[in-house]
*Asks:* 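Before we start, here is the structure in question, set down as structure tokens.
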Amino acid sequence: MAGTEGGGGRGAGPLLLGVRHHGPGSARAVRAALDAAQPRVVLIEGPPEADALIPLAADEDMRPPVALLAHAVDEPGRSAFWPLAEFSPEWVAIRWALEHEVPARFIDLPATHTLAWEKDDGEGELTGEEQPPDPTDETPTAGTPSSEPPSAPEPSGPDLRVDPLAVLAETAGYDDPERWWEDVVEHRGVGERDAFAPFTALEEAMGALRETYGVGGHERDLVREAYMRLQVRAAQREFEDDVAVVCGAWHVPALRQKAGVAADRALLKGLPKVKTDLTWVPWTHRRLSRASGYGAGIDSPGWYGHLFGAPDRPVERWMTKVAGLFREEDRIVSPAHVIEAVRLAETLAVMRGRPLPGLGETTDAVRAVMCEGSDVPLALVHDRLVVGDVLGEVPPGAPAVPLQRDLDRLQRKLRIKPEALERELELDLRKETDAGRSRLLHRLRLLRIEWGEPVASRGSTGTFRETWRLRWEPELAVRVAEAGVWGTTVLAAATAKAEADAIGAQSLADVTALAERCLLAELPDALPVVMKVLADRAALDTDVGHLAQALPALVRSLRYGDVRGTDTGALTEVAAGLAERVFVGLPPACAALDADAAEEMRRHVDAVHGAVALLGDASGHGHGDTSAPGQGDGPGPGPGHGDLRGRWRAVLRTLSARDTVPGVIRGRAVRLLLDEGELGPDEAARLMGLVLSPGTPPADAAAWIEGFVGGGGGLLLVHDERLLGLVDEWLTRVPAEAFTDVLPLLRRTFSSYEPGVRRTLGELVRRGPGKQVGTAATAAGIPGFGAELDAGRADAVVPVLRLLLGLDDVVDNGDNELVGVAG
């Protein structure tokens with residue numbers, strides 16, 4: 001091999017280049033060593049099934065960070081990633097081989113064994129998720145990380161898992177492995193005089209560690225290293241020993257040792273297998289960070305990417321990036337700030353005995369000079385630059401399941417590109433493109449592909465508006481592969497998944513929620529199956545609470561008929577039938593309930609009340625019905641269902657009058673009837689007076705008040721002084737021994753009011769009924785509260801109200817008074 005005469009890593013045998021995965025210093029050193037050695041083949045730690053994918057790395061559409069994804073064909077959720085960044089030594093080796101037209105091969109244990117191995121062990125995550133971080137070991141990360149890896153233990157014995165860099169850093173007197181690595185590798189160049197010197201030194205260090213710790217608790221490395229040795233021997237025979245190997249530095253001593261072929265094959269005998277598929281998928285800098293759960297990750301991928309890409313003066317270029325970020329966020333940062341920050345970083349490096357400023361020094365300098373000592377803007381630098389939101393890209397020709405190809409097609413058609421940076425997307429469903437985006441995102445959610453999450457809109461709350469929070473994570477590629485079992489297109493897969501979910505749903509509420517999601521996703525072929533299951537479940541379920549819980553979601557779905565053009569006729573029939581059953585079963589179900597059950601039932605009453613209002617509106621629009629003027633409350637739900645609102649009011653009257661119904665429900669029923677105009681203020685005051693009479697136990701009266709004035713009832717008390725007077729009079733008569741029992745209920749009720757409402761009520765009560773207390777109140781002419789309506793004050797606002805409602809023409813009479821003229 002050219003240029004490999006001498007000792008260390010350059011002696012007889014293969015050129016072993018031990019690296020730190022995702023280390024820019026290792027990446028530069030690998031490129032320099034390959035340039036010097038010019039091997040005939042490059043062997044790289046990774047799954048050999050991916051050899052056919054290596055040429056795609058030369059595609060102009062391939063932009064790291066990317067990852068090799070392996071998944072079991074029959075169980076796509078069982079998967080593993082091998083991430084690669086632009087500054088990963090493996091990526092540099094692949095690119096060097098392609099540029100020099102030299103074969104490149106992966107030599108780690110095949111993914112067919114890796115995935116099956118974990119399945120036989122009955123483990124839910126792959127080894128990379130369970131081991132402590134080991135930057136020199138490319139153990140694959142699991143497809144669905146769900147927890148952080150445990151921190152590396154202190155290397156005090158051969159049976160513990162060892163983090164090699166942590167041990168070497170501690171030996172050198174460093175308490176931070178990242179800082180040690182920067183000082184001895186990143187800031188020392190790549191060996192200008194000897195391109196192989198860094199690898200020789202690292203191999204000696206790892207050899208000493210392996211002598212002390214053995215496999216360091218990584219027992220499966222024995223099998224992996226046996227397979228790698230066999231592959232290296234085969235390449236040596238084929239290419240006459242002109243072989244370069246790029247692997248984790250931890251493995252170099254094991255690959256160097258003279259182990260017998262028979263012994264290595266014995267270790268591999270009987271390994272389980274599973275059929276696998278591999279492809280390239282986009283990755284992100286954020287998922288490269290150790291905090292994301294990848295065992296061989298790094299803390300600062302954005303910083304490392306900068307070190308790798310900067311041709312010179314890395315500190316000056318970094319400070320310029322930071323200044324540019326702050327300016328984008330409208331912070332005042334001048335060139336003088338950049339110059340001073342660079343000087344401070346260099347001074348700190350000298351004081352700390354470091355060859356060059358590292359991330360710690362630059363961060364401290366930015367905090368002092370550009371952030372005025374605050375960590376708040378510094379968090380932005382860490383998130384956007386130190387870690388970063390870079391999302392890689394893979395070429396269209398990369399292997400993919402049919403569902404992924406259809407998703408890619410829809411993303412291009414709808415102009416909705418996956419991005420690593422979280423962003424909000426506002427959709428107007430009246431526009432064809434936005435409606436298509438909404439359908440896609442809802443269908444993906446049905447398939448458990450959580451690319452987007454619906455959030456509350458900051459603008460209109462109408463049903464033609466939707467707001468989504470989007471963020472593409474690499475693990476979604478696994479979700480797409482898993483969902484591929486349901487169909488080859490997003491529409492077909494979502495339809496099949498919805499039908500299966502309906503049949504397997506555990507409760508009536510689950511089916512109604514699914515029906516709503518089918519309408520949002522516009523799945524016309526799935527809806528009949530869901531509706532049949534819904535009708536069957538509703539007919540068999542006798543629990544009024546379940547029925548009341550299911551009705552609101554069902555009725556909400558009816559609104560999508562107008563917005564999305566979906567026929568909701570069948571849904572209307574089911575909803576109306578469900579409402580009828582609730583009407584019949586609710587009064588008996590409200591009898592003899594304890595406090596917790598009564599509160600839950602009160603929430604059901606509120607939900608049904610809102611649903612009945614929507615049901616009348618939605619069903620009327622759906623059938624094209626209109627109400628004749630003066631015919632009450634609008635259209636009913638269609639032929640055969642009559643006036644649902646009228647029957648619901650009858651149910652509320654029944655609930656309000658039954659002594660066996662808990663006070664919180666009776667009070668709520670009275671309040672709803674009052675809001676609907678079915679109960680006059682005088683009647684409401686009379687009912688409250690009866691409940692608050694001395695013969696009623698204080699706890700029951702307090703529960704009634706909670707039901708009546710809870711949930712926005714504060715304004716009712718502010719404007720209806722008779723009701724406030726009744727509550728005030730009752731409260732002053734509550735005996736001292738009962739007051740402590742009713743206080744929690746009253747505090748829960750009144751604490752839910754807006755601060756302004758509470759303040760107004762307190763001021764009214766402080767002044768007392770019909771009184772004016774204090775000079776400020778007298779000067780302002782503001783009375784207290786009384787039993788009678790102030791007709792003069794009420795009449796003063798009538799012209800303005802008529803103007804707002806468009807009922808009158810309003811003119812100024814010249815005395816700054818608005819006078820209404822009947823029109």
*Asks:* Is there a side-chain contact between Val66 and Pro282 (heavy atoms, below 4.5 Å)?
*Replies:*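 Heavy-atom side-chain distance check fails, nothing below 4.5 Å.
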*Asks:* Taking the side chain as C-beta and beyond, is there a heavy-atom pair between Leu356 and Val315 under 4.5 Å?
*Replies:*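 They are not in contact (no side-chain heavy atoms under 4.5 Å apart), so the answer is no.
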*Asks:* Between Arg327 and Glu329, does any side-chain N to carboxylate O distance fall below 4.0 Å?
*Replies:*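 Salt bridge: no.
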*Asks:* Could you check whether Asp108 and Trp82, counting side-chain N and O atoms only, form a donor-acceptor pair closer than 3.5 Å?
*Replies:*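 Absent: no donor and acceptor within the cut-off.
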*Asks:* When the side chains of residues 410-419 are checked against the rest of the protein, which donor-acceptor pairs come out under 3.5 Å, sequence neighbours left out?
*Replies:*
residue: Glu419; atom: OE1; partner: Arg423; partner atom: NE; Å: 2.9

*Asks:* I'd like to know if Glu203 and Arg210 make a salt bridge, using a cut-off of under 4.0 Å between side-chain N and carboxylate O.
*Replies:*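 Not counted as a salt bridge, because no side-chain N and carboxylate O are separated by less than 4.0 Å.
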*Asks:* To the nearest 0.5 Å, how far apart are NE2 in His285 and CG in Leu385?
*Replies:*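 CG of Leu385 is found 11.5 Å from NE2 of His285.
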*Asks:* Which heavy atom of Gly305 sits nearest to which heavy atom of Phe87, and what is that distance?
*Replies:*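 Gly305 and Phe87 have their closest heavy atoms at CA-CD2, 3.3 Å.
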*Asks:* Assess whether side chain to side chain contact (heavy atoms under 4.5 Å, CB included) is satisfied between Thr363 and Val381, documenting all intermediate values.
*Replies:* CA-CA 9 Å; Thr363 299; Val381 176; over 6 Å; no
*Asks:* The criterion is side chain to side chain donor-acceptor pair (under 3.5 Å); which residues satisfy it with Asp434, sequence neighbours excluded?
*Replies:*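 Partners of Asp434 under the side chain to side chain donor-acceptor pair (under 3.5 Å) test: Arg437.
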*Asks:* Kindly compute the distance separating OG1 (Thr279) from CG (Leu56), expressed to the nearest 0.5 Å.
*Replies:*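 Reported to 0.5 Å precision, the distance equals 8.0 Å.
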*Asks:* Strictly under 6.0 Å, is that where the ring centroids of Trp318 and Trp303 end up?
*Replies:*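 Yes; Trp303 has its ring centre under 6.0 Å from that of Trp318.
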*Asks:* Just so I know, are the side chains of Glu346 and Val350 near enough to count as touching, which here means a heavy-atom distance under 4.5 Å?
*Replies:*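 They are not in side-chain contact.
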*Asks:* Any side-chain heavy-atom pair from Thr467 and Pro454 closer than 4.5 angstrom?
*Replies:*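 Of all side-chain heavy-atom pairs linking Pro454 with Thr467, none is under 4.5 Å.
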*Asks:* Please check if the number of heavy atoms outside Glu86 that lie under 6.0 Å from its CD is greater than 12.
*Replies:*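 Not more than 12 within 6.0 Å, no.
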*Asks:* Look at atom CZ of Arg352 and say whether more than 12 heavy atoms of other residues, nucleotides or ligands are closer to it than 6.0 Å.
*Replies:*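 Yes, CZ of Arg352 has more than 12 neighbouring heavy atoms, counting only those of other groups under 6.0 Å.
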*Asks:* Indicate yes or no for a side-chain donor-acceptor contact from Glu361 to the backbone of Gly358 under 3.5 Å, with no hydrogens or angles considered.
*Replies:*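 Such a contact is found between Glu361 side chain and Gly358 backbone.
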*Asks:* With a 4.5 Å limit on heavy-atom distance, are the side chains of Leu348 and Thr362 in contact?
*Replies:*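 No, side chains not in contact.
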*Asks:* Tell me, which pairs form a side-chain hydrogen bond (donor to acceptor under 3.5 Å, both in side chains) where one or both residues lie in residues 52-64, sequence neighbours left out?
*Replies:*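 Qualifying pairs: Arg63-Glu393.
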*Asks:* Closest heavy-atom contact between Val394 and Val281?
*Replies:*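 Shortest heavy-atom contact: CG1-C, 3.7 Å.
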*Asks:* What is the distance from atom CZ of Arg256 to atom CE of Met206, rounded to the nearest 0.5 Å?
*Replies:*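 Going from CZ on Arg256 over to CE on Met206, the span is 14.5 Å.
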*Asks:* Looking at OG1 of Thr433 and CG of Leu427, how far apart are the two atoms once the value is rounded to the nearest 0.5 Å?
*Replies:*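 It comes to 10.5 Å.
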*Asks:* Please check: side-chain N/O of Glu45 versus main-chain N/O of Gly248, any donor-acceptor pairing under 3.5 Å?
*Replies:*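 Such a contact is found between Glu45 side chain and Gly248 backbone.
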*Asks:* For Phe199, which of Leu15, Val19, Asp194 qualifies under side chain to side chain contact (heavy atoms under 4.5 Å, CB included)?
*Replies:*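 Among the candidates, only Val19 passes.
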*Asks:* State, to 0.1 Å, how close Leu255 and Met228 come at their nearest heavy-atom pair, and which atoms those are.
*Replies:*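 The pair with the smallest heavy-atom distance is CD2-CB, 3.7 Å.
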*Asks:* Given the rule in the side chain to side chain contact (heavy atoms under 4.5 Å, CB included) test, do Arg40 and Val243 qualify, once you have shown the distances and angles that lead to the verdict?
*Replies:* CA-CA 6 Å; Arg40 294 174 58 192; Val243 176; over 6 Å; no
*Asks:* Could you tell me the separation between the CH2 atom of Trp250 and the CG atom of Asp221, rounded to the nearest 0.5 Å?
*Replies:*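 The CH2 atom of Trp250 sits 8.0 Å away from the CG atom of Asp221.
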*Asks:* A side-chain contact here means heavy atoms from C-beta on lying under 4.5 Å apart; do Val338 and Val369 qualify?
*Replies:*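 Counting from C-beta outward, Val338 and Val369 never come under 4.5 Å.
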*Asks:* Under a 4.5 Å cut-off applied to non-hydrogen side-chain atoms, are Cys247 and Ile44 in contact?
*Replies:*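 When only atoms from C-beta onward are counted, Ile44 and Cys247 do not touch, as no gap falls below 4.5 Å.
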*Asks:* Is it true that a side-chain atom of Ser374 and a backbone atom of Val376 form a donor plus acceptor pair closer than 3.5 Å?
*Replies:*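 Yes.
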*Asks:* So, for Arg317 and Ala310, which heavy atoms are closest and what is the spacing to 0.1 Å?
*Replies:*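 Taking every non-hydrogen atom into account, CD-CB, 4.0 Å.
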*Asks:* What distance separates Trp280 CH2 from Leu69 CG, expressed to the nearest 0.5 Å?
*Replies:*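 If we round to the nearest 0.5 Å, Trp280:CH2 and Leu69:CG are 11.0 Å apart.
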*Asks:* Does the pair Arg286 and Arg471 meet the rule for a side chain to side chain contact (heavy atoms under 4.5 Å, CB included), with working shown?
*Replies:* CA-CA 12 Å; Arg286 194 171 302 279; Arg471 184 171 185 167; 2.6 Å; yes
*Asks:* Would Asp389 and Arg384 pass as an ion pair if we require N to O under 4.0 Å?
*Replies:*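 No, this pair does not count.
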*Asks:* More than 12 heavy atoms of other residues, nucleotides or ligands under 6.0 Å from CZ of Arg331: is that the case?
*Replies:*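 Counting neighbours around CZ of Arg331, more than 12 heavy atoms of other residues, nucleotides or ligands fall under 6.0 Å, so yes.
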*Asks:* Quick check: are there more than 12 heavy atoms from other residues, nucleotides or ligands sitting under 6.0 Å from CD of Glu99?
*Replies:*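 Enclosed.
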*Asks:* Salt-bridged, Arg287 to Glu475, with N to O below 4.0 Å?
*Replies:*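 Salt bridge: yes.
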*Asks:* Closest approach of Pro399 and Leu278, non-hydrogen atoms and distance?
*Replies:*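 Looks like CB-O, 4.1 Å.
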*Asks:* Taking 4.0 angstrom as the limit, do Glu450 and Arg479 come out as a salt bridge?
*Replies:*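 Arg479 and Glu450: not salt-bridged.
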*Asks:* To check you understand the geometry: which heavy-atom pair defines the closest contact between Leu378 and Arg367, and what is its length?
*Replies:*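 For Leu378 versus Arg367, the nearest heavy atoms are CD2-NH2, 3.4 Å.
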*Asks:* Could you walk me through whether Leu34 and Gln38 satisfy the side chain to side chain contact (heavy atoms under 4.5 Å, CB included) test, starting with their C-alpha distance in whole Å, then the side-chain angles of each, then the deciding distance to 0.1 Å, before giving a yes or no?
*Replies:* CA-CA 5 Å; Leu34 292 176; Gln38 294 292 314; over 6 Å; no
*Asks:* Using a 4.5 Å cut-off on heavy atoms from C-beta on, say whether the side chain of Tyr304 contacts that of His22.
*Replies:*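 Not in contact.
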